[in-house]
Amino acid sequence: MVMKVLILGMPRTGTQSLADALERLGIGPVYHMREVGKNHHQALWIEALDAKFEGRGEPYDREKFDRILGNYEALSDYPAAIFPSELLAAYPDAAVILSTRRAEDAWLASMEATLWHAHTHALAPNPSPMAPLAERYHRHCWGGDLPRYGAAAYRAHNALVRRVAREMGRGVLEYRPGDGWEPLCAFLGVEDVPTEPFPRSDDWAEYKKTVEAERRRREEEEEASTAAAAVV
């Protein structure tokens with residue numbers, strides 16, 4: 001299967017919605033974070049991360065990436081997007097999309113409410129089969145401290161994608177949530193623009209609701225405790 005599209009934006013930039021949109025346009029399947037556990041690819045991505053950041057083993061090239069991505073026509077989100085330079089070199093004919101947010105602060109807040117919250121509130125030791133992979137990308141991508149280093153990592157990642165693509169003579173569509181079908185279809189040469197609403201997908205939606213409910217519960221308990229102390 002030929003790799004047609006690389007969505008190289010960081011998580012929480014609409015990567016899942018874009019993945020679903022590509023499949024609606026007939027480009028698929030798309031490799032997204034949700035494919036990792038489903039296909040038991042954690043060990044392969046850990047191998048790739050160890051080679052990239054710790055110098056252990058051979059860096060990933062087309063042959064190695066194809067072990068993971070060979071049955072997909074597009075990719076989106078982490079862990080794949082941690083490897084923009086390598087993927088651009090491995091798949092020189094794929095269209096390149098850089099998904100971003102309109103405001104850096106909005107991206108950081110979304111990350112803190114989802115990936116970072118889940119990582120820092122997990123059981124110790126974390127029994128999830130995704131935990132070793134998550135530990136590595138939190139450590140390597142923002143030094144294990146997203147609130148402090150996340151914004152700089154976001155800017156550096158986006159700058160890297162732009163620079164490497166430019167050096168390779170590759171065009172890049174910079175896409176933000178809310179841009180809709182038109183720029184995506186124009187960039188990919190799709191003439192039949194869908195009239196249906198653009199997908200709005202978020203695997204973290206229920207998690208965010210749970211976190212918000214827990215926050216409100218704590219606030220109510222604190223208010224009740226303060227009121228009780230005032231009466232005494």
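Treat the numbers as computed from the prediction; the structure is a model and nothing was measured.
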Practice prompt. Answer yes or no: is there a side-chain heavy-atom contact under 4.5 Å between P177 and T13?
Written response: no

Worksheet item: Is it the case that one hydrophobic cluster holds both M1 and M3, taking links as side-chain heavy atoms less than 4.5 Å apart, direct or via other members?
Response: no

Worksheet item: Can you tell me how far the NZ atom of K52 sits from the CD1 atom of I82, to the nearest 0.5 Å?
Response: 8.5 Å

Discussion item. Starting from L98, can I reach M111 by hopping between I/L/V/M/F/W/Y residues whose side chains sit under 4.5 Å apart?
Written reply: yes

Practice prompt. Indicate yes or no: at least one non-hydrogen side-chain atom of P59 is less than 4.5 angstrom from one of D61.
Written response: no

Worksheet item: When the ring centroid of Y60 is compared with that of W45, is the distance short of 6.0 Å?
Response: no

Worksheet item: Would the number of heavy atoms belonging to other residues, nucleotides or ligands and lying under 6.0 Å from CG of N71 be above 12?
Response: no

Practice prompt. Mark yes when over 12 heavy atoms from residues, nucleotides or ligands other than E167 sit less than 6.0 Å from its CD; otherwise mark no.
Written response: yes

Discussion item. Between the side chains of R136 and D50, is the shortest nitrogen-to-carboxylate-oxygen separation below 4.0 Å, so that they form an ion pair?
Written reply: yes

Item to complete: Identify the heavy atoms of F198 and A21 that sit nearest to each other, and give their distance.
Response: CZ-CB, 3.4 Å

Worksheet item: Between E54 and R139, is there a side-chain N and carboxylate O pair less than 4.0 Å apart?
Response: yes

Fill in: Distance, nearest 0.5 Å, that separates CG of L22 from CD1 of I27
5.0 Å

Item to complete: If the plane angle is over 60° it's perpendicular, under 30° parallel, otherwise tilted; pick one for Y78 and W142.
Response: parallel

Discussion item. Within this structure, what is the CG-CD distance for the pair N39 and Q42, rounded to the nearest 0.5 Å?
Written reply: 9.5 Å

Worksheet item: Between L87 and L49, is there a shared hydrophobic cluster once you connect ILVMFWY residues whose side-chain heavy atoms come closer than 4.5 Å?
Response: yes

Discussion item. I'd like to know if D192 pairs up with R24 as an ion pair, taking the criterion as any Lys NZ or Arg NE/NH1/NH2 lying under 4.0 Å from an Asp or Glu carboxylate oxygen.
Written reply: no

Fill in: Qualifying residue for side-chain contact (heavy atoms from CB on, under 4.5 Å) with S76, from V5, L6, V30
V30

Worksheet item: Do H119 and E135 have side-chain atoms, one donor and one acceptor, less than 3.5 Å apart?
Response: no

Discussion item. Under 4.5 Å between side-chain heavy atoms, counting indirect links through other Ile/Leu/Val/Met/Phe/Trp/Tyr residues: same cluster for V193 and L184 or not?
Written reply: yes

Fill in: Pairwise distance NZ(K4) to CG(L25) - rounded to 0.5 angstrom
11.0 Å

Worksheet entry | Side-chain donor-acceptor contact under 3.5 Å, Y72 with D66 | no

Worksheet entry | Validation row: I97, F187 side chains within 4.5 angstrom (heavy atoms) | yes

Worksheet item: About how many Å separate CD of E23 and CG of L18, when rounded to the nearest 0.5 Å?
Response: 12.0 Å

Worksheet item: Would you call R162 and E174 a salt bridge, taking side-chain N to carboxylate O under 4.0 Å as the test?
Response: yes

Worksheet, complete the sentence: All heavy atoms of A19 vs all of R34, minimum pair found to be CB-NH2, 4.3 Å

Worksheet item: According to a 4.5 Å side-chain heavy-atom criterion applied to Ile, Leu, Val, Met, Phe, Trp and Tyr, with indirect links allowed, do L173 and V161 form part of one hydrophobic cluster?
Response: no

Worksheet item: Between H41 and Y31, what is the ring plane arrangement, given parallel below 30°, perpendicular above 60°, and tilted in between?
Response: parallel

Worksheet item: Is the W107 ring parallel, tilted or perpendicular to the Y154 ring (thresholds 30°, 60°)?
Response: parallel

Item to complete: May I have the step-by-step check of salt bridge (charged side-chain N to carboxylate O under 4.0 Å, His left out) for R67 and E47, ending in yes or no?
Response: CA-CA 12 Å; R67 290 190 293 163; E47 179 182 74; 2.7 Å; yes

Item to complete: Take L88 and L8 through the side-chain contact (heavy atoms from CB on, under 4.5 Å) test and state the conclusion after the steps.
Response: CA-CA 10 Å; L88 284 164; L8 298 177; 4.1 Å; yes

Worksheet item: For A106, does its backbone N or O pair with a side-chain atom of S110 as donor and acceptor, under 3.5 Å?
Response: no

Worksheet, complete the sentence: Value for CG (L108) from CZ (R12), rounded to nearest 0.5 Å, stands at 12.5 Å

Fill in: Salt bridge K64-E58, side-chain N to carboxylate O under 4.0 Å
no

Worksheet entry | L69 vs Y91, side-chain contact (heavy atoms from CB on, under 4.5 Å): CA-CA, chis, key distance, verdict | CA-CA 11 Å; L69 305 169; Y91 302 107; 3.9 Å; yes

Worksheet item: Could you walk me through whether L115 and Y137 pass the side-chain contact (heavy atoms from CB on, under 4.5 Å) check?
Response: CA-CA 11 Å; L115 279 79; Y137 68 68; 3.7 Å; yes

Practice prompt. Decide side-chain contact (heavy atoms from CB on, under 4.5 Å) for R176 and R101; before the verdict, give the C-alpha distance in whole Å, the side-chain angles of both, and the deciding distance to 0.1 Å.
Written response: CA-CA 5 Å; R176 298 177 296 186; R101 293 287 289 263; over 6 Å; no

